[in-house]
Amino acid sequence: MTEMLLRYFRTKQQEAQTEKIYETQCPFCSMQCKMQLIEQSTVTRKKYLTVGKDNPTSEGRLCIKGLNAHQHAVHNERIKHPLLKVDGEFKQISWEEAYQLIKEKFTDIQEKHGKHALSVYGSATITNEEAYLLGKFARVALETKYIDYNGRLCMSAAASAAAQTFGMDRGFTNTIQEIPHSRCIVLAGTNVAECQPTIMPYFERAKENGSFIIAIDPRETATTKMADLHLKVKPGMDAALANGLLKVIIEEELTDLSFIEERVNGFEEVRDYVSTLDLEEIAELTGVPAEHIIKAATVFGKEESGMIFTARGVEQQTDGSTSVRNFLNILLVTGKIGKKYSGFGAVTGQGNGQGAREHGQKADQLPGYRSIENEGHRNYIADVWGINEADLPRKGVSAFEMIEKMDEGEIKGLFLMCSNPVVSNPSAEFVKQAIEKLDFFVAVDMFVSETARLADLILPTTSYLETPGTMTNVEGRVTLREASFPVRGEAKHDWQIICEIANVLGKGEYFSFSSPEEVFNELRVATKGGLADYSGITYDRLRKEKGILWPCPDENHPGTKRLFEAEFAHADKKAAMVVVTNTPEIPKEKPTQDFPLYLTTGRVMSHYLTGVQTRKSSTLAARDFESYMEIHPSTAEKYQIKDHTLVKIESRRGSIIVRSKCSQTIRKDTVFVPFHWADSQNVNRLVSKKLDPTCRMPGFKVSAVKISPVAK
Ligand SMILES: Nc1nc2c(c(=O)[nH]1)N[C@H]1C(S)=C(S)[C@@H](COP(=O)(O)OP(=O)(O)OC[C@H]3O[C@@H](n4cnc5c(=O)[nH]c(N)nc54)[C@H](O)[C@@H]3O)O[C@H]1N2
Ligand SMILES: Nc1nc2c(c(=O)[nH]1)N[C@H]1C(S)=C(S)[C@@H](COP(=O)(O)OP(=O)(O)OC[C@H]3O[C@@H](n4cnc5c(=O)[nH]c(N)nc54)[C@H](O)[C@@H]3O)O[C@H]1N2
Ligand code: SF4
Ligand SMILES: [Mo]
């Protein structure tokens, strides 16, 4: 062969591609779309492509975030080694050194200041196995009562409402497959089109089948555009709007009296309260014309089936839990729950927003939705864990209240796993200062996030491509995320990190797991007999059956598709209605002369939460590369703000600068800013510290602000 031919074949050989396929699930929202990463490698480079895979929930679809998720996972800024802060700079150290330091510092803090001087802050992005282990880690390895997680800012209002009204909380009471057959659908404070895009075909099919869709949102969004009726409510006024709907339904006799009689407590009190209200006053209060309230109530009441979905628009309020309860009141008076094509859906947020709220990461909770203050529950879990009930700490406080305790000096150490609180918590500047006061702070992350930047030690973790485990999706369907992509550098799985630290702290015997499946098998026992019973679910079944809806109390049980068909989960088997007045316990900020506008916050399609991951994805970052303020053109004109120019937004807490974006479709008294950007664009600098008194949810969706052009 000639030299030339040889060279030709060598080049061809180098170009020859090998292809590997890795199974996983999207790391972002609660749809948990199944996907495959296709890796095409030549000697010189690797190329990645993500494709959807069929499954009962997303049916093979992916949205723009899922399609580009791998871009952050393979990003060169992923942390590959433990990093210790020395003189303000992060230096690579070994795992042994990192663990020794943790042992030394944690022991020192607890010796000096007591067990509860340490805290744990978890996440609903980690797997069920990791969420379970983190709860156990706090209580058994650290023996602290202070553990809570980012779901407190996300699902707590809906969870508390469903638990109080129905006696238990699973996001969707029905399967997603029932949506297309429901005759009337209320979408309250949910922007599914941008936040769970692959769910949309279910609503589109409903519409094709003649369903009447009602959206409740102060802005027009891709979701409200699909609706037959859009109630453009004033921010924070959902509870009053629901009272208007209840009043019409009850007075027009669109109630299901036999359902109420048999299955509901508290109807008379609600009926008597709403009869005292004046519909015109409600219209004034909520900004929704009375005829729209009447129309929505009449259609929902008259149709044979109906579903109500709520998300963070209704829930992220200082009265979020009672606002949701008032929407549940509507389902109960019309008997539209526990039946075919009728039910409730709190649209879960994060990938494991459902599962991570069931297995003991919450301040007051033990696995299986058990209560840490219930003696029977404490005894059961102490037994599963092989410890004395007396050694199990009692309940702690919510996520934001832990941060307040850091500020007050009661909490001295923090173990943070999978969250970026200096961007995601209200009063962000306060949060940063509180975290800076800690004596020792360990962050477990894939990147040096805005919060990890403040840590003394960062531990590198693995991504959705690398860590297998179970995730419970928007439906309450437990799914198995198979993941086998090679781990980057020295990163370790979250579950491994937890077990290894427990071991260093002398508690290894309680954490001797060598795979997520082993953890899951303990979780099954721990949840047995609890409300969220996973005991009948196995990895094998999850593989074969493509997910199982909990509760699933034994291996022959098929899982529970529809909840509350015969009874609710309260001891008397009835649902509990409650009077929700138009004057909430914590008064909301109202526009004043000094702060004349409502500010509300939320999301855009291409970014995810605090943006640590999506801002690293070139394709996603290019779609929205900076924050913005959506504003009505007539309001913009009033404050001399031109379209696409920089605006200063100020509240009583602080200020930010973002670009204006005029839109005819937002309320004139309201501006909207997404929360995916940090530092001077972090909208949480503006949000108050006030919390819902029941579930401790911050009021992310209502602040009073003033605005001014940056360049005059
Ligand atoms: N693209 C994208 N998708 C996501 C996420 C993301 O960051 N980006 N995050 C995931 C997570 S964790 C979550 S929790 C979910 C959140 O999902 P959603 O709750 O749907 O998202 P938000 O944009 O926060 O709020 C929804 C809507 O509430 C409206 N709203 C604001 N104030 C009020 C009010 O007072 N009343 C009513 N009725 N509506 C109001 C907003 O205008 C917005 O359109 O999305 C998940 N999916
Ligand atoms: N103003 C305003 N604020 C809000 C909201 C709002 O609507 N408005 N919404 C709230 C809601 S609903 C939520 S859910 C919160 C979320 O807020 P955060 O909890 O702060 O959420 P993320 O931005 O997802 O932060 C996750 C961090 O964990 C890292 N990470 C990702 N995957 C993993 C993993 O598997 N393991 C580990 N160890 N780390 C990982 C990421 O790199 C990132 O740094 O924000 C809340 N804040
Ligand atoms: S972000 Fe949500 S809808 Fe989009 S691909 Fe991921 S899981 Fe699916
Ligand atoms: Mo969330």
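Both counts, for ligands and for their atoms, begin at 1 and track the order of listing.
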**Message:** Please work out, at 4.0 Å between heavy atoms, whether the side chain, the backbone, both, or neither of Val604 comes within that distance of ligand 1.
**Reply:**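 Val604 to ligand 1: backbone contact only, side chain stays beyond 4.0 Å.
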Any nitrogen or oxygen of [X], side chain or backbone, less than 3.5 Å from one on ligand 1?
| X | result |
| --- | --- |
| Thr601 | no |
| Arg312 | yes |
| Met605 | yes |
| Gly236 | yes |
| Val702 | no |
| Gln316 | no |
| Asp217 | yes |
| Cys195 | yes |

Looking at ligand 1, does [X] have a heavy atom less than 4.0 Å from it?
| X | answer |
| --- | --- |
| Met237 | no |
| Thr614 | no |
| Gln317 | yes |

**Message:** Within ligand 1, which atoms have a heavy atom of Thr221 less than 4.0 Å away?
**Reply:**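 So the atoms of ligand 1 that pass are 44 (O).
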**Message:** Within the 4.0 Å heavy-atom shell around Gln350, which atoms of ligand 1 are there?
**Reply:**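 Per the distance check, 11 (C), 12 (S).
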**Prompt:** Under 2.8 Å from atom 8 (Fe) of ligand 3, is there an N/O/S atom belonging to Cys33?
**Reply:**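 Yes, within the cut-off.
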Tell me whether [X] is salt-bridged to [Y], with the criterion being a basic N under 4.0 Å from an acidic carboxylate O.
| X | Y | answer |
| --- | --- | --- |
| Arg152 | Glu401 | no |
| Arg312 | Glu315 | yes |
| Glu59 | Lys53 | no |
| Asp148 | Arg696 | no |

**Donor-acceptor under 3.5 Å (Asn352 side chain, Ile126 main chain)** =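 Pair found, side chain donor or acceptor close to backbone of Ile126.
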**Prompt:** Donor-acceptor pair, Lys701 side chain versus Thr601 backbone, under 3.5 Å?
**Reply:**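 Such a contact is found between Lys701 side chain and Thr601 backbone.
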**Asked** Is a side-chain donor-acceptor pair under 3.5 Å present for Asn473 with Ser30?
**Response**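 No donor-acceptor contact under 3.5 Å links the two side chains.
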**Message:** For atom 26 (C) of ligand 1, which of the options Ser30, Gly189, Cys29 provides the nearest non-hydrogen atom?
**Reply:**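 Heavy atom nearest to atom 26 (C) of ligand 1 belongs to Gly189.
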**Asked** For atom 6 (C) of ligand 1, which candidate among Glu630, Lys588, Met155, Arg603 provides the closest heavy atom?
**Response**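 Ranked by closest heavy atom to atom 6 (C) of ligand 1, first place is Arg603.
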**Request:** Find out whether Gln354 and Val474 are in side-chain contact, i.e. whether some heavy atom of one side chain is under 4.5 Å from a heavy atom of the other.
**Result:**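 When only atoms from C-beta onward are counted, Val474 and Gln354 do not touch, as no gap falls below 4.5 Å.
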